[in-house]
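What follows is a short report on a single structure.
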Amino acid sequence: MRRARPGAPPRGTAERALTSVEAGADFDEAVVDDGVRGRQAGSGPERHTPDRPVSKLWHITLSVSGPQAPLKDVRRALEQLAHDHPFLLTSRYATDHAEIRYWEEARDLHDAAAVALRLWGEHRQSAGLPPWEIVGLEVIDRETYHLRIAEGYGPPPAAPVGVHPY
């Protein structure tokens, strides 16, 4: 059995394979094997009702910055945030700034952005995060994220999954 970090390409391959995060049961407009759009993932009409809007996945990049903090404390706090928020993909950090990337499931861009803007403040106490402010936010849908990566544009994964210094 080969031991490697999750998502690492097999030895000897020059290209990195794209990985995807599965959407929830109510993910809107899945493309099914026959190529027809508009059929619900999870099928069944009971999944989607006018009372329950569909949701989709959004790739979030949250940038924070503030006064310098000990590097060891920043790393510990980001590791705790990753534990508290299981969809966290990567974090990069320095003594005075950090960048967090993760997937969020939400009805629309506004909901995804609202949740992302609350993330740092809501976890500041529980994770022991530095008293930094949000200085940047990018929210893109899953399709746009994969198009950017495939075309060589946009933010490739910052680092392997986990918490890493800049």
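Here the structure is a predicted model, which means the values were calculated and not measured. This chain uses plain numbering: 1 for the first residue, then up along the sequence.
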Query raised in the report: Would R148 and I140 count as a side chain to side chain contact (heavy atoms under 4.5 Å, CB included) if you check the C-alpha gap in whole Å, the side-chain angles of each, and the deciding distance to 0.1 Å?
Result: CA-CA 10 Å; R148 283 184 178 182; I140 57 175; 3.8 Å; yes
Query raised in the report: In chain order, what residues pass the side-chain hydrogen bond (donor to acceptor under 3.5 Å, both in side chains) check against D73, with sequence neighbours excluded?
Result: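 D73 satisfies side-chain hydrogen bond (donor to acceptor under 3.5 Å, both in side chains) with no other residue.
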Query raised in the report: With T144, which residues qualify under side-chain hydrogen bond (donor to acceptor under 3.5 Å, both in side chains), at least two apart?
Result: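 D141.
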Query - Any residue meeting side chain to side chain contact (heavy atoms under 4.5 Å, CB included) with L137, in chain and number order, not counting sequence neighbours - result: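 Only I60, L62, A113, A116, L117, V139 meet the side chain to side chain contact (heavy atoms under 4.5 Å, CB included) criterion with L137.
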Report task. Using the test salt bridge (charged side-chain N to carboxylate O under 4.0 Å, His left out), find all partners of D96 that sit at least two apart in sequence or belong to another chain. Result ->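 With neighbours one apart ignored, the set is empty.
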Report task. Using salt bridge (charged side-chain N to carboxylate O under 4.0 Å, His left out) as the criterion, list what pairs up with R76, not counting sequence neighbours. Result ->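 Not a single residue meets the salt bridge (charged side-chain N to carboxylate O under 4.0 Å, His left out) criterion with R76.
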**Report entry** Value rounded to 0.5 Å, distance of OG1 in T61 from OH in Y102
**Finding:**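 Interatomic distance, T61 OG1 to Y102 OH, rounded to 0.5 Å: 9.5 Å.
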Query raised in the report: Roughly how far apart are S63 OG and I100 CD1, rounded to 0.5 Å?
Result: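 So the gap between those two atoms works out to 8.5 Å.
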Query - Check: Y93 ring centroid to W132 ring centroid under 6.0 Å - result: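 They do not qualify: ring centres at least 6.0 Å apart.
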Query - Non-hydrogen atoms of P130 and A77 that approach each other most closely - result: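 Of all heavy-atom pairs spanning P130 and A77, the closest is CD-CB, 4.4 Å.
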Requested in this report: Please report the closest heavy-atom contact between L57 and W103, naming both atoms and the distance.
Outcome: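 So the two residues come closest at CB-CE3, 4.0 Å.
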Side-chain donor-acceptor pairs of residues 80-89 under 3.5 Å, sequence neighbours excluded:
| residue | atom | partner | partner atom | Å |
| --- | --- | --- | --- | --- |
| Q80 | NE2 | D84 | OD1 | 2.8 |

Query raised in the report: For residues 109-119, which residue pairs qualify under salt bridge (Lys or Arg N to Asp or Glu O under 4.0 Å), counting only residues two or more places apart or in two chains?
Result: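 Listed by first then second residue: R107-D111, R118-E122.
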Query raised in the report: Do V115 and V54 share a hydrophobic cluster, counting only Ile, Leu, Val, Met, Phe, Trp and Tyr and linking them when any side-chain heavy atoms are less than 4.5 Å apart?
Result: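 In one cluster with V115: V54, no.
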